[in-house]
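Take a look at the structure set out below.
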There are 2 protein chains.
Amino acid sequence: MTVADERRTDTRSQIREVALALFAEQGYEKTSLREIAERLGITKAAVYYHYKTKEEILASLFDDVAAGIDTIVEWVGTQPAGSETRVEALRRYQELFSGEAAGQLIRFVQESQASFKDLAVGVDMKKRFASIAAALAPGGGSVEDHLRLRLSLIAIHLGAFHTEGLDGSAEERAEAALAIARDLLR
Amino acid sequence: MTVADERRTDTRSQIREVALALFAEQGYEKTSLREIAERLGITKAAVYYHYKTKEEILASLFDDVAAGIDTIVEWVGTQPAGSETRVEALRRYQELFSGEAAGQLIRFVQESQASFKDLAVGVDMKKRFASIAAALAPGGGSVEDHLRLRLSLIAIHLGAFHTEGLDGSAEERAEAALAIARDLLR
DNA sequence: GTCTATAATACGATAGAC
DNA sequence: GTCTATCGTATTATAGAC
């Protein structure tokens, strides 16, 4: 067993895994620490040994995606401005959500924005979503351009997780989402 | 003072008004009955005189929009199938959310889906959104078509309320949203 | 690292007076 | 129609034993 595999099964990581699944499925407020602990066969107090607060668990879930967005934004800065760069950035953005965990995370963001925006991690991620939007902006500042841009990102998000009425394999959904997102950017 | 004006200022209506504003702003779970009562200068018990449960308050908020959707779906049934009918249905759908209250309601739906879907009223409205989607469907059943359709409705929703980065007047937003929604339907 | 036990607080909801 | 007072239950979080 490698170090990475050990990390995957230790309690701290399991807490993240279970919390993410529950947050995505039923939202942040409706998920209690008792519920998380129960699923792992431990007590609430044990959870508190690993994370000081419930919000800290939530915040930890965003580390990878936040770093991924930063990397993309930095990359865009090194490239010539133009449609090719924007489309490639969009593709890389989609790639961030290709894993199961990241798909659950973006489902949570998409379906529980209200729970989210008042917390520190929510404010933080809001800035990151704004930064990737800015990196993708074709320069136009019209209301319609802003709305198209926002919908373009939502297209990617919706393509990243299964939802009723939106069946198909993950690959089909991702392909369709990227095509639509590209169209919306024009 | 007309009867309608009286209705507007009686306690039952005021509860709906305050609850909607709070649900839209901070979500359903995070909004307590104490908070609603406090804003109105009454007690929790007084709120319970008008509504048996918290969920009943929530459900009552959807009456008008639900009826509006049903009316549109019925209307589509009487029209010849075709692009003109679909675009007009989209326009009428948007019209449902033109008022301030309906705008707050659709913001709540858009930003708090998770709170929503497990409740009876959530299941009910989910069916209605599915029915308007079916009425708008161009017949194609591909994953991309489904996603385009869903984004088309989201475009209308996002255009109906103010959000950071999406400024402009309500009319500007609505016009832009309808244009994009129409494009997404193709 | 996990436990039992509990503190402190808030919630939705109800009883009964006025 | 609104009040005070309270019930029962859940929550987040902490203290201290093992």
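Reminder, nothing fancy here: chain letters follow the sequence lines and each chain counts from 1.
Rounded to whole Å, atom C1' of C:dG12 lies 17 Å from atom OH of B:Tyr51. In this entry the distance linking OH of A:Tyr48 with P of C:dA5 reads 19 Å, nearest Å. The distance from atom CG of B:Leu33 to atom P of C:dG12 is 5 Å, rounded to the nearest whole Å. Protein atom NZ of B:Lys54 is 18 Å distant from nucleotide atom C1' of C:dT14, rounded to whole Å. Rounded to an integer number of Å, the gap from A:His50 NE2 to D:dA13 C1' is 16 Å. The interatomic distance linking A:Gln26 (CD) with D:dT11 (P) rounds to 11 Å, in whole Å. Counting to the nearest Å, the P atom of D:dA10 and the CD atom of A:Glu38 are 11 Å from each other. Remark: C1' of D:dA10 and CD of A:Glu29 are 15 Å apart, rounded to the nearest angstrom.
Side-chain contact, B:Gln26 with B:Glu35: a donor N or O sits under 3.5 Å from an acceptor N or O.
Nearest to the side-chain atoms of B:Arg34 among the listed nucleotides C:dC11, D:dT4, C:dG1 stands C:dC11. Side-chain atoms of B:Ile42 lie closest to D:dT2 of the nucleotides C:dC3, D:dT2, C:dA13. Of the candidates D:dC3, D:dT2, C:dC11, D:dC3 carries the atom nearest the B:Thr43 side chain, counting heavy atoms from C-beta on. Closest to the side chain of A:Ala46, out of C:dT2, D:dT2, D:dT12, is C:dT2.
OP1 and OP2 of C:dG12 both lie 4.0 Å or more from every side-chain N or O belonging to B:Thr53. A sub-4.0 Å separation between OP1 or OP2 of C:dA10 and a side-chain N or O of B:Ser32 is absent.
Under a hydrophobic clustering in which Ile, Leu, Val, Met, Phe, Trp and Tyr are joined whenever their side-chain heavy atoms come within less than 4.5 Å, directly or via other members, A:Val143 and A:Leu153 fall into the same cluster.
Remark: B:Asp63 does not engage B:Arg16 in a salt bridge, criterion side-chain N to carboxylate O under 4.0 Å.
Both tests do not hold together for A:Lys30 against B:Tyr28: distance to the six-membered ring centre under 6.0 Å, angle to the ring axis within 45°.
Between A:Tyr49 and A:Ala45, the residue whose closest nucleotide on DNA chain C is further toward the 5' end is A:Tyr49.
Using cut-offs of 30° and 60° for the angle between ring planes, the B:Phe23 and B:Phe108 rings count as tilted.
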